[in-house]
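Shown next, in structure tokens, is the structure this report addresses.
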Amino acid sequence: MSKNIQKSNYQADSIKVLKGLEAVRKRPGMYIGDTDDGSGLHHMIYEVVDNSIDEALAGYCKKIEINLNSNGTVTVTDDGRGIPVDIHKGEKKSAAEVIMTQLHAGGKFDHDSYKVSGGLHGVGVSVVNALSEKLELKIERNGKKYHIDFKNGEAVKPIKIIGNSKNTGTEITFLPSREIFSSIEFDFNVVQKKMRELAFLNKGIKIIVSDKTQKNPKVSEFKFEGGIIEFVQFLDQKREKLKNKNDNELFKKPIYIEGKKQNIEVESSIQWNAGYTEEVNPYTNNIYQKDGGTHLLGFRSALTRVINKYATEHNLLKKNKVNLSGDDVKEGLTSIISVKIPDPKFSSQTKDKLVSSEARNIVETIISEKLSIWFDQNPNISKIVLSKIIQAAVARDLARKARESVRRKGTLELTGLPGKLADCQNPKQEGTELFIVEGDSAGGSAKQGRNREYQAVLPLRGKILNTYTDLNGSKRNTNGNELKNKTLSKMISSNEILTLINALGLDPKKDELDLEDLRYGKIIIMTDADVDGSHIRALLLTFFNNRPFDKLIKCGHVYLAQPPLFKISKGSKATYIKDEKELENYLINNSKELKKIKKNSKNFQEKYQLEKSKLSIQRFKGLGEMNPDELWNTTLNPESRNLLKVQYSKDIKKDYKLIHTLMGNDVVSRKDFIIENAINVSNLDI
């Protein structure tokens with residue numbers, strides 16, 4: 001090369017060899033994580049506790065104590081076997097000193113000592129020593145008590161015996177280095193959360209956490225005999241407090257699965273609730289993987305496969321015309337997946353992601369086999385879970401279709417499709433139905449009970465705005481356009497009216513509606529069978545009597561549902577009754593005694609009330625009291641329901657006049673009408 005390059009003294013003596021634990025102190029982030037945000041600092045405790053947990057996994061440790069001391073140090077004590085103290089032949093030092101001062105030294109590489117452990121790297125406790133200003137190690141073993149001090153990762157003096165002991169165990173006290181960490185203040189809540197987690201994952205082990213940095217020390221003790229089943233219940237209850245009250249559990253006891261294959265142990269607990277969020281936590285040898293890994297992939301694959309299998313067997317996919325995805329299975333899912341692997345492979349020393357390839361197939365096989373058995377043995381709960389997942393799939397499919405369908409964008413384009421609208425799958429006007437219901441409670445029953453293929457549900461909150469104007473009457477004046485504009489402005493100012501207009505897909509700004517834009521063939525008003533329901537029904541009919549929406553009535557698109565007011569139960573058989581008059585006819589027809597008595601006689605009412613009192617009669621206060629199946633069978637099912645079609649009479653001017661009397665601003669006319677017609681009312685339901 002002909003270019004002139006300045007020579008530098010890059011010789012053999014430029015190569016720096018980092019001995020012992022120097023590499024850790026030079027690049028601490030590679031071994032312990034971030035040294036500034038607190039995560040690396042707290043990881044120091046976890047690395048020490050991991051050794052105690054490994055003793056517990058091997059069956060030698062029952063109790064672990066963690067103390068946050070007032071002088072800034074942390075003490076971790078366990079009742080395991082104690083770190084070996086005999087002289088290491090190769091290093092000519094005690095095994096304890098070798099473990100504390102050299103990377104990749106420890107019993108975790110010898111499968112006779114530990115079947116499984118927190119990680120393959122073997123750098124845990126030596127890294128803690130390297131990043132500590134000082135560390136004190138006490139060991140109880142072989143009837144003796146041993147002691148050794150370290151400073152910045154190096155032994156001050158060789159290990160020595162300081163007394164006798166009948167116990168076994170290890171105690172490590174360390175002070176994190178102020179040169180390495182931005183802050184060395186530990187957060188008790190963070191430590192407490194981690195130790196609770198470890199107690200859940202290792203049932204029967206007692207873990208005690210104490211905060212002695214305050215005047216009034218805090219102590220938390222954890223021990224869970226139920227293990228990860230209790231863990232899932234704890235997470236589920238915690239989410240319920242944070243989320244909507246409706247995020248309740250779908251079944252009481254979580255599913256529990258365990259199995260072993262090729263020396264890999266798999267343990268999982270699964271629960272679904274009625275919410276929409278997911279929390280699935282994967283662990284390897286008690287260490288949480290925030291980035292998941294092969295065990296989580298196997299778990300998700302098994303879950304989706306088993307759910308798909310049972311949904312197919314029960315014909316739910318074909319019936320609802322959907323395909324299930326992993327996202328549908330996730331809704332409301334809480335789960336723990338914990339694996340124990342002899343030689344786990346992670347993407348980094350902080351063990352945030354498991355990359356052991358063999359874990360995926362083993363987890364998938366065990367979860368698939370055991371979950372299939374659980375579904376077979378618990379058909380009732382399985383049906384509930386499948387129903388929830390199918391609903392999630394239908395909702396996802398509807399959302400996709402709504403995005404893709406240009407025609408199904410509301411023509412007002414003020415808010416698009418209303419969020420409260422549960423749309424149907426069929427995008428065509430012909431054969432589809434929109435049920436307008438009052439309130440979220442009735443809306444919930446209607447959404448679950450309907451046929452999603454062609455029935456949509458729109459819940460409205462409370463009584464809508466009275467939209468009546470004189471625009472429809474015979475007294476149209478020269479200011480008709482001005483009045484129409486005021487009416488339109490009034491309607492659009494009401495959220496509930498605007499929601500309804502958007503759901504219908506119509507443009508009220510036009511003098512004549514284009515019914516090609518109408519999104520549903522039938523618009524069905526379905527209100528409670530009581531006075532409030534009648535009032536809401538009247539207000540909705542008033543809306544549909546305003547121009548240009550009266551065209552919907554003229555063209556036969558508006559209907560009234562006829563939900564029952566009563567339910568009569570006889571054993572397992574139920575009879576639904578529309579109103580008081582129909583109830584009276586039912587009682588007469590089913591009573592030989594009442595048939596013989598005239599209705600107007602004094603004896604009739606006494607006998608009538610006595611029959612009535614003997615029957616099991618439920619009066620529905622609202623549609624929300626009916627379960628989805630009842631609502632389908634009585635009100636939604638085209639084969640069994642009784643719809644009333646809203647029509648104008650031949651004298652349409654007379655109809656408009658009546659509407660004006662009942663819904664207009666003339667209070668005197670309305671009062672006179674009620675007084676004149678009160679004599680014709682035989683049963684007034686208040």
Side-chain angles (χ1 to χ4, degrees), residues 32-33 42-68 74-84 99-100 106-129 137 139-140 168-174 190-210 220-228 230-231 258 263-267 281-290 295 336-344 346 349-352 354:
I32 206 73
H42 288 83
H43 206 88
M44 297 269 279
I45 296 178
Y46 309 156
E47 288 287 0
V48 178
V49 172
D50 278 349
N51 287 342
S52 300
I53 292 294
D54 289 337
E55 278 289 281
L57 291 176
Y60 298 104
C61 175
K62 298 295 181 183
K63 181 180 175 184
I64 304 169
E65 292 186 61
I66 300 95
N67 293 324
L68 306 184
V74 176
T75 301
V76 178
T77 308
D78 68 51
D79 60 355
R81 291 171 290 183
I83 296 175
I99 289 170
M100 299 301 294
K108 297 177 184 180
F109 296 98
D110 174 11
H111 288 172
D112 291 331
S113 302
Y114 293 102
K115 297 295 182 184
V116 296
S117 64
L120 172 68
H121 306 79
V123 299
V125 74
S126 58
V127 167
V128 174
N129 188 25
L137 172 62
I139 301 168
E140 292 176 285
T168 61
T170 302
E171 178 183 297
I172 293 176
T173 301
F174 65 93
V190 172
V191 178
Q192 179 183 239
K193 179 183 176 183
K194 176 68 175 180
M195 296 309 119
R196 181 194 291 116
E197 181 181 282
L198 288 172
F200 276 128
L201 291 166
N202 300 274
K203 57 186 175 184
I205 295 177
K206 183 185 288 186
I207 302 180
I208 302 171
V209 189
S210 301
S220 293
E221 185 174 308
F222 305 112
K223 185 178 182 181
F224 304 104
E225 298 298 342
I228 64 170
E230 288 190 62
F231 198 175
E258 64 176 341
N263 289 326
I264 293 181
E265 297 177 22
V266 177
E267 190 181 17
N281 296 336
Y283 296 86
T284 303
N285 299 353
N286 294 311
I287 299 170
Y288 173 61
Q289 281 75 57
K290 69 176 184 179
H295 51 349
I336 299 295
I337 173 69
S338 175
V339 296
K340 302 290 195 305
I341 305 178
D343 286 322
F346 300 100
Q349 165 58 21
T350 50
K351 305 158 193 171
D352 292 331
L354 180 69

Using modelled atom types and a 3.5 Å cut-off, is there a donor and acceptor pairing between side-chain atoms of [X] and backbone atoms of [Y]?
| X | Y | value |
| --- | --- | --- |
| Gln289 | Thr284 | yes |
| Thr75 | Asn67 | no |
| Thr168 | Gly80 | yes |
| Glu55 | Arg81 | yes |
| Asp79 | Lys63 | yes |

Under the criterion side chain to side chain contact (heavy atoms under 4.5 Å, CB included), which of Leu68, Val128, Asp50 is the partner of Ile45? Leu68
Could you check Val190, Val209, Ile64, Ile208 and say which one makes a side chain to side chain contact (heavy atoms under 4.5 Å, CB included) with Met195?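 The option that passes is Val209.
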Hey, are the side chains of [X] and [Y] touching, using non-hydrogen atoms and a 4.5 Å cut-off?
| X | Y | value |
| --- | --- | --- |
| Glu258 | Glu265 | no |
| Val74 | Met44 | no |
| Glu197 | Asn286 | no |
| Val191 | Lys194 | no |
| Leu201 | Ile336 | yes |
| Met100 | Val125 | yes |

Under a 4.0 Å threshold between the charged nitrogen and the carboxylate oxygen, would Glu221 count as salt-bridged to Lys223?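 Salt bridge flag = no for Glu221 with Lys223.
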Counterpart residues, ring-ring contact (aromatic ring centres under 6.0 Å, His included), relative to Phe222 (two or more places apart):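 So Phe222 forms no ring-ring contact (aromatic ring centres under 6.0 Å, His included) with any residue.
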Separation of [Y] [atom2] from [X] [atom1] (nearest 0.5 Å):
| X | Y | atom1 | atom2 | result |
| --- | --- | --- | --- | --- |
| Ile53 | Ile207 | CD1 | CD1 | 4.5 Å |
| Phe200 | Ile228 | CZ | CD1 | 11.0 Å |
| Leu137 | Glu171 | CG | CD | 9.0 Å |
| Lys351 | His43 | NZ | NE2 | 5.5 Å |
| Ile66 | Ser220 | CD1 | OG | 10.5 Å |
| Tyr46 | Ile287 | OH | CD1 | 12.0 Å |

Heavy-atom closest contact ([X] atom, [Y] atom, distance):
| X | Y | result |
| --- | --- | --- |
| Ser52 | Asp78 | OG-OD2, 2.7 Å |
| Ile341 | Asn285 | N-OD1, 2.8 Å |
| Leu354 | Pro344 | CD1-CB, 4.1 Å |

Looking at residues at least two apart in the chain, or sitting in another chain, which of them share a salt bridge (charged side-chain N to carboxylate O under 4.0 Å, His left out) with Lys203? none
Classify the ring geometry between Tyr283 and Tyr288 as parallel (under 30°), tilted (30 to 60°) or perpendicular (over 60°).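 Because their plane-to-plane angle lies in the 30° to 60° range, the rings of Tyr283 and Tyr288 count as tilted.
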